[in-house]
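Structure record follows, encoded as C-alpha cells.
Just follow the structure's listing: the first ligand is 1, and inside any ligand the first atom is 1.
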Amino acid sequence: MDFSFLAKYYMFFIYGLKNTILLAIFSVCLGVILGIFLALMKISKNRILNIISTSYIEFIRGTPLLVQLYIIYYGLPNIGIDLPDFLAGIIALSINSAAYVAEIIRAGIQAVDKGQMEAAKSLGMTHNMTMKYIIIPQAFKNILPALGNEFIVVIKESSIVSIIGIHELMYNADTVRGNTFQPFEPLIVVALIYFIITFTLSKLLGLAERRMRVGDQS
Ligand code: ARG
C-alpha cells in the first residue's frame, strides 16, 4: 500500500467532497419541498391528488436512480430540455429523494395517535388548528431523524452521478486512480471519506434525537 499520491492529489478529494456535499444539500432541500407536497397530496381526501402522488411515489421508488438520471441527462435533450450536468444530477437526485421523503412525512404524520385528533376536536379545535398546533409538532419528532437519514442516503447515492461526469468525490477518486495507475488506494481513501461523513452525521443525528425525546414520557 502506497499513499504517497495524496501529497500531490489531496485537492482532488477536497474539491470532490465539496461538490458531493453541495449536491446532497441541494437535492435534499428540493426533495423535502417536493416531498411535503406529495405527502399532503397523499393524505388529502381528494382522489385525483391521491392517485397522482401515489403513482409518483411508486414509480420513482420502483425504478433505479441510474435510469432516472439517464432519462434526465440523455433523454430530455431529445425533447429540447438540455440541462448542464450538475443541474441534471441535482434534479435526478431530488426527484428520487422526494418520493422517499414523501413517505417519511406521511408516515410521520399518520404515526401520531388518532386520539390526539379526537381530543383536540372534542375541545372545539378545527381540523386545521389541530393539524397546526397538535399533530404537526408531534409529527416533527418522527420526521426529523428520518430526514437526517435521508440526507445520509443521498450523500452516498450521489456517487452515482459521477457517471455523467460531475466532478464529485467518486469521480475525482476515479481520476486519481487513473492518473496514478493505483487501482486500490484512492478507492480506499474515498471509501474512508464517505464513511467518516456518514458515521459522524449519524452520531450527530442520534444525539439530536435523544435531545428531542428528553421531554417525552416513556
Ligand atoms: N439505489 C437506489 C436506486 O437505485 C436509490 C435509493 C435512494 N433512496 C433514497 N432514500 N433516496 O433506486
Find all atoms of ligand 1 within a distance of less than 4.0 Å from any non-hydrogen atom belonging to Pro64, and give their numbers and elements. 4 (O), 12 (O)
Going from NE2 on His167 to OG1 on Thr20, what distance comes out if it is rounded to the nearest 0.5 angstrom? 12.0 Å
Taking the side chain from Glu185 and the backbone from Asp2, do they hold a donor-acceptor pair closer than 3.5 Å? yes
shortest atom 3 (C) of ligand 1-to-protein heavy-atom contact is with Leu65 N, 3.5 Å
Nearest non-hydrogen protein atom to atom 7 (C) of ligand 1, with distance, is Asn96 OD1, 3.3 Å
Would you mind checking if Glu103 and Arg106 are paired as a salt bridge, meaning a charged N to carboxylate O distance below 4.0 Å? yes
With rounding to the nearest 0.5 Å, note down the distance linking CG in Leu65 to CD1 in Ile163. 11.5 Å
Can you find an N or O of Leu66 that's nearer than 3.5 Å to an N or O of ligand 1? no
Can you hop from Phe86 to Tyr73 via hydrophobic side chains spaced under 4.5 Å? yes
Counting from 1 in the order shown, the ligand 1 atoms closer than 4.0 Å to a non-hydrogen atom of Val153 are 8 (N), 9 (C), 10 (N), 11 (N)
Taking distance alone, with no angle check, do Ser97 and ligand 1 share an N/O pair under 3.5 Å? no
Run the side-chain contact (heavy atoms from CB on, under 4.5 Å) test on Lys42 and Ile105 for me, step by step, so that the C-alpha distance in whole Å, both residues' side-chain angles and the decisive distance to 0.1 Å come before the verdict. CA-CA 10 Å; Lys42 191 156 175 180; Ile105 294 176; over 6 Å; no
Which part of Glu157 is near ligand 1, with near meaning a heavy atom under 4.0 Å away: side chain, backbone, both or neither? side chain
Quick one: look at Ile160 and ligand 1, take heavy-atom pairs under 4.0 Å, and tell me if it's side chain, backbone, both or neither. neither
Should you measure from each heavy atom of Thr63, which atoms of ligand 1 turn up under 4.0 Å away? 12 (O)
In the protein, which heavy atom is nearest to atom 10 (N) of ligand 1, and how far is it? Glu150 OE1, 2.8 Å
Examine distances only and state if a side-chain atom of Gln182 and a backbone atom of Phe184 form a donor-acceptor pair shorter than 3.5 Å. no
